[in-house]
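Some notes on the structure that comes next.
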Protein chains: 2
Amino acid sequence: MRLAELSARSGVPTATIKFYLREGLLPPGERISATQAGYGEEHLHRLRLVRALIQVGRMPVATAREVLAAVDDPGLDQHSRLGIATWALPGPAPGPGPEEEDDAATRTARQEVGSLLEHLGWDQFGPGSPAYETLVRAVATLVRLGYPCEAGHLRRYAHIAAQVSEADLDLLESLPGEVEQVEASVALTVLFEPVLLSLRRLAQAEESARRFRG
Amino acid sequence: MRLAELSARSGVPTATIKFYLREGLLPPGERISATQAGYGEEHLHRLRLVRALIQVGRMPVATAREVLAAVDDPGLDQHSRLGIATWALPGPAPGPGPEEEDDAATRTARQEVGSLLEHLGWDQFGPGSPAYETLVRAVATLVRLGYPCEAGHLRRYAHIAAQVSEADLDLLESLPGEVEQVEASVALTVLFEPVLLSLRRLAQAEESARRFRG
DNA sequence: CATGGTTGGATAGTGCCACTATCCGGCGAG
DNA sequence: CTCGCCGGATAGTGGCACTATCCAACCATG
């Protein structure tokens, strides 16, 4: 398959594919001659994954490169791979970098988050992990706006998150092959986020109608 | 309070506050003289909300303006206000506009999503609503990558989403005042997204450790 | 063999968007 | 008086995901 056909089958412009090749998101095609290269089905699949991560998952190009490098890395067991994937994924609020906020709200948030995770016994990822920091930032913002979000309130959401992760892992384990599972751990983590959030919005509308109308 | 103090108390640069005033995200201050204006606590609160929507919720400035206009709109009942807020919120994958994709994956996704929502009886928001379209896009992407996401698989996530929305509405109803609830419906919908997704990541790590190690 | 369209690679440019820097005249504290 | 701060208007910046252009090699066709 040539670049043009890869573009036609994926719907991605050739210029964009070249860009991804340059950025290392897509492995180079098999060299046919000095100025020609050929691509296979695996390139098509990877290209679709890249598009999904970037467009649906809103992942920055640089992050996608790191995540995909981890996916391709051999010699990692299932758990570390999922860990790497989860670690590298940017989450919903990457923020303007390590600006080390230390206001009252952030300190409160750290305390509530810490006590929540301690109570749940969730100690795989501690402070410093992206998910943890994102959580602290979000809770700090809620605190700053004056909304209740002590560990008690958060616990309810944590229990629900645990159910989601069970569904995630069930789905992951139902897939064949180990390589596929690694890729899937990334793809499913990212792509089920919009699914979950959209369903939440739809469910909110239903629940709101139930409570405020009929 | 002058602009400089508003800036100091919120941590937002004065230039940025001026920008928000220009964009209509923040109501103008009370005119003290021809070239002086004063701001109150409500401006501080609104400014924090704006920052939260834009930075934590990743909402485009234009969308934030619309959402806040709906929040300020009097003469809307609770349900419509939540509806407007939820409708205007952009969700995780706004996409490159109404490009009317109509490939096989999208058609499959529309069918699965339709049958899922029909089965659940969720008919508040049909096709055309942002949440619905976001869901279709995400499912289409999953289909394209070859992951299982029939209505059956999605139902499990939908049930979990329903639990989230119950928690959301419980929290909303626990707040005093009606104006506060309107603002809260926006703030909580947006700000609990990172909370939920971060908790999911943390829970995934725990669940993964439980299954693949111990 | 000529030749014209196509291919892959390199380089520079575009468009969007959330700010941000600068300038200007009016105000007000000392 | 006066000098620095205030608010408002205008234009510029930086980041990022592409995208347009150019070039020489390549291959199919006549």
Side-chain angles (χ1 to χ4, degrees), chain A residues 1-40 43 47 49-68 90 92-97 99, chain B residues 1-40 43 47 49-68 90 92-97 99:
Chain A
M1 195 183 344
R2 301 281 243 254
L3 200 155
E5 188 180 346
L6 188 61
S7 166
R9 285 229 269 159
S10 63
V12 179
T14 60
T16 304
I17 298 178
K18 289 191 199 180
F19 171 70
Y20 291 157
L21 286 166
R22 226 177 306 137
E23 294 295 317
L25 297 182
L26 207 55
E30 165 196 19
R31 302 303 302 257
I32 292 179
S33 74
T35 64
Q36 310 273 113
Y39 305 92
H43 287 93
L47 179 54
L49 177 61
V50 166
R51 280 304 256 202
L53 294 181
I54 290 178
Q55 292 201 326
V56 180
R58 291 180 156 198
M59 190 180 293
V61 166
T63 308
R65 178 173 46 233
E66 291 172 28
V67 171
L68 292 173
E99 65 182 47
Chain B
M1 188 178 358
R2 303 279 243 251
L3 200 153
E5 188 180 347
L6 188 61
S7 165
R9 285 230 269 157
S10 63
V12 180
T14 60
T16 304
I17 298 178
K18 290 191 200 179
F19 170 70
Y20 291 157
L21 286 165
R22 226 178 307 139
E23 294 293 318
L25 297 183
L26 206 56
E30 164 196 18
R31 301 305 300 258
I32 292 178
S33 74
T35 63
Q36 309 273 114
Y39 306 91
H43 287 92
L47 179 54
L49 178 60
V50 166
R51 279 305 256 203
L53 294 181
I54 290 179
Q55 292 201 327
V56 180
R58 291 180 158 198
M59 191 180 293
V61 165
T63 307
R65 178 173 45 233
E66 292 172 29
V67 171
L68 292 173
E99 64 183 47

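The model shown is predicted, which means the values in this text are computed figures rather than measured ones. Labels below follow one simple rule: chain letters A, B, ... track the order of the sequence lines, proteins then strands, and each chain is numbered from 1.
For the atom pair CG (A:Leu6) and CG (A:Leu21), the distance works out to 8.0 Å, reported to the nearest 0.5 Å.
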Task: Worked check of side chain to side chain contact (heavy atoms under 4.5 Å, CB included) between A:Phe19 and A:Val61 - done: CA-CA 10 Å; A:Phe19 171 70; A:Val61 166; 4.2 Å; yes
TODO: Could you give me the CA-CA distance, side-chain angles and deciding distance for B:Ile54 and B:Tyr20, then say whether side chain to side chain contact (heavy atoms under 4.5 Å, CB included) is met?
DONE: CA-CA 11 Å; B:Ile54 290 179; B:Tyr20 291 157; 3.9 Å; yes
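Spacing between atom CG of A:Leu21 and atom C1' of C:dG8 amounts to 9 Å, rounded to whole angstrom units. Taking atom CG of residue B:Leu3 and atom C1' of nucleotide D:dG4, one finds them 17 Å apart after rounding to whole Å. Per the geometry, CG belonging to A:Leu26 stands 15 Å off C1' belonging to C:dG9, to the nearest Å. Look at CZ on A:Arg31: it is 15 Å from P on C:dT7, rounded to the nearest Å. Straight-line distance from the CZ atom of A:Arg58 to the P atom of C:dC16: 18 Å, rounded to whole Å. Distance B:Lys18 NZ to D:dA11 C1': 14 Å, rounded to the nearest Å. Rounded to an integer number of Å, the gap from A:Arg2 CZ to C:dG5 C1' is 13 Å. B:Ile17 places its CD1 atom 12 Å from the P atom of C:dC19, with the value rounded to the nearest Å.
In terms of heavy-atom proximity, B:Ser10 sits nearest to B:Leu47 at OG-CD2, 3.3 Å. Residues B:Thr35 and B:Arg31 come closest through the heavy atom pair N-NH2, 4.1 Å. The nearest pair of heavy atoms linking A:Leu25 to A:Leu68 is O-CD1, 3.7 Å. Between B:Arg9 and B:Met1, the shortest heavy-atom distance links the atoms NH2-CE, 3.7 Å.
Residue A:Ala15 is in base contact, counting any heavy-atom pair closer than 4.0 Å across all strands shown.
The residue among B:Ala34 and B:Pro13 whose nearest nucleotide of DNA chain C is located toward the 5' end is B:Pro13. Each of B:Tyr39 and A:Ser33 was assigned the nucleotide of DNA chain D with the nearest heavy atom; the assignment lying further toward the 5' end belongs to B:Tyr39.
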Identify the pairs formed between an N or O of the protein and an N or O of nucleotides 14-18 of chain D at a distance under 3.5 Å, and give each distance.
{"from": "D:dC18", "atom 1": "OP2", "to": "A:Tyr20", "atom 2": "OH", "distance (Å)": "3.0"}

